[in-house]
Amino acid sequence: MTRPVKIILDCDPGHDDAVAILMAAVHPAIELKAITVVAGNQTIEKTTRNALNVASASGLCANVPVASGMTRPIVREQVTAGDIHGASGLDGPTFAPPSISLDPRHAVDLMIEILTASDGDITLVPTGPLSNVAMALRREPRIAEKIEKIVLMGGAYQLGNVTPSAEFNIYADPEAAHVVFTCGRPIVMMGLDITRKVRATPDVIARVRSLGNPQAALFSEMMEFFARVQREIYGWDGPPLHDPTTIAWLIDPGCVELRRMKVEVELRGDLCYGRTSCDFFGLEDAGGNQSAEFLTKGALARPASPNAQVAVDVDAARFWDIVYETFSLYGK
Ligand code: RIB
Ligand code: CA
């Protein structure tokens with residue numbers, strides 16, 4: 001058994017973030033060091049409350065600090081996704097009062113503290129806007145060398161979901177995303193290109209619910225709401241389970257196909273503001289798989305070579321097996 005991956009899960013619960021929390025809390029391949037919360041799907045007050053409720057519902061996070069972070073994006077006006085996740089940010093289930101108290105530290109400070117004290121073996125797993133991660137990198141640049149890798153849900157090399165060009169997590173704080181994609185650390189990007197292939201259809205929901213444990217029941221309740229809204233808006237046969245693709249990859253990297261490419265965030269566009277511009281064919285590639293170096297062209301650092309591994313395909317059946325097997329660990 002290889003050693004568990006130590007992660008900080010930076011999230012904006014959010015139905016899919018909630019599933020990522022429940023998977024990370026229970027799977028032996030993951031050591032959940034902290035849950036840091038960011039404004040995104042809803043306001044920070046709501047995403048923080050949701051994170052405390054879900055961490056408490058896991059029954060496994062008593063020693064996992066949950067800290068609240070950035071209340072809004074670094075530059076742009078705030079956007080939220082109440083149309084998708086509801087007024088609470090996690091509509092559908094009702095929760096008992098949380099058994100976990102909020103850590104008094106700001107999420108950015110907690111992230112810096114954990115990384116600074118580490119041996120450089122911490123994986124950051126952002127599943128919301130990148131405001132906390134960017135602020136930590138700017139507050140204390142020396143943490144970059146302590147980040148083993150960043151496995152994030154965000155972006156797309158094809159269609160967006162909040163504008164035709166941009167995916168929500170990037171669009172909600174593009175400047176923060178630029179800071180992260182130019183930080184020089186290894187990045188794995190789970191974009192909409194693959195997350196749209198893992199939709200929680202009624203069969204998927206019924207399979208997990210059949211496990212009969214409380215966390216599987218919570219999964220089912222959350223997905224029922226998530227499914228109804230996404231069917232109404234997009235006509236999907238099930239809601240794409242975006243964020244847990246990060247956790248599933250950490251558990252079983254073979255479930256996702258990655259491709260190294262240059263990824264840059266559009267900060268100046270109007271129509272494309274917040275788009276991840278992904279050099280899928282290596283058109284601008286400086287050649288080879290050199291470590292990412294950055295050229296400062298004008299005001300912005302620009303990667304001179306591929307700076308990320310982007311998910312280009314997912315084995316959906318294998319992904320759902322990972323989700324099912326992970327939820328089956330509750331109650332064992
Ligand atoms: O675009 C999907 C992403 O935005 C997911 O992380 C969802 O939770 C929202 O944060
Ligand atoms: Ca999210």
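One-based numbering, in listed order, for ligands and for the atoms of each. This chain uses plain numbering: 1 for the first residue, then up along the sequence.
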Pairs flagged by side chain to side chain donor-acceptor pair (under 3.5 Å) wherever residues 248-258 is involved - sequence neighbours left out: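 As it turns out, the side chain to side chain donor-acceptor pair (under 3.5 Å) pairs with a partner in residues 248-258, which skip direct neighbours, are Asp252-Arg318.
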Over 12 foreign heavy atoms within 6.0 Å of CE, Met222: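 Yes, CE of Met222 has more than 12 neighbouring heavy atoms, counting only those of other groups under 6.0 Å.
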Atom CG of Asn63 with >12 non-hydrogen neighbours under 6.0 angstrom: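 Check fails, neighbour count at 12 or below.
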Lys/Arg N to Asp/Glu carboxylate O, [X] vs [Y], below 4.0 Å:
| X | Y | answer |
| --- | --- | --- |
| Arg76 | Glu175 | no |
| Asp321 | Arg207 | yes |
| Lys6 | Glu148 | no |

Contact partition for Val162 relative to ligand 1, non-hydrogen atoms under 4.0 Å: neither
With heavy-atom distances below 4.0 Å as the criterion, list the atoms of ligand 1 near [X].
| X | answer |
| --- | --- |
| Asp17 | 8 (O) |
| Thr127 | 6 (O), 10 (O) |
| Phe168 | 1 (O), 4 (O), 9 (C), 10 (O) |
| Asn41 | 7 (C), 8 (O), 9 (C), 10 (O) |

Polar contact flag, side-chain donor to acceptor under 3.5 angstrom, Thr123-Lys149: yes
Those residues that, when tested against Arg209, pass side-chain contact (heavy atoms from CB on, under 4.5 Å) (two or more places apart): Ile205, Ala206, Ser220, Glu224
Closest approach of any protein heavy atom to atom 4 (O) of ligand 1, naming residue and atom: Asn169 OD1, 3.2 Å
Nearest neighbour in protein (non-hydrogen) for atom 3 (C) of ligand 1: Glu167 OE2, 3.3 Å
The Ca ion (ligand 2) neighbourhood, protein N/O/S only, threshold under 3.0 Å: Asp12 OD1, Asp17 OD1, Asp17 OD2, Thr127 O, Asp243 OD2
Of all pairs that satisfy ring-ring contact (aromatic ring centres under 6.0 Å, His included), the ones with a partner from residues 56-109, not counting sequence neighbours: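 Residue pairs passing ring-ring contact (aromatic ring centres under 6.0 Å, His included), neighbours aside: His15-His85, His85-Phe226.
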Separation between OG1 of Thr246 and CG of Asp243, rounded to the nearest 0.5 Å: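 One gets 6.5 Å once the value is rounded to the nearest 0.5 Å.
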The one among Asp12, Asp16, Thr47, Leu152 that brings a heavy atom closest to atom 5 (C) of ligand 1: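 The residue whose heavy atom sits nearest atom 5 (C) of ligand 1 is Asp16.
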Within-cut-off N or O pair, Asp243 and ligand 1, under 3.5 Å: yes
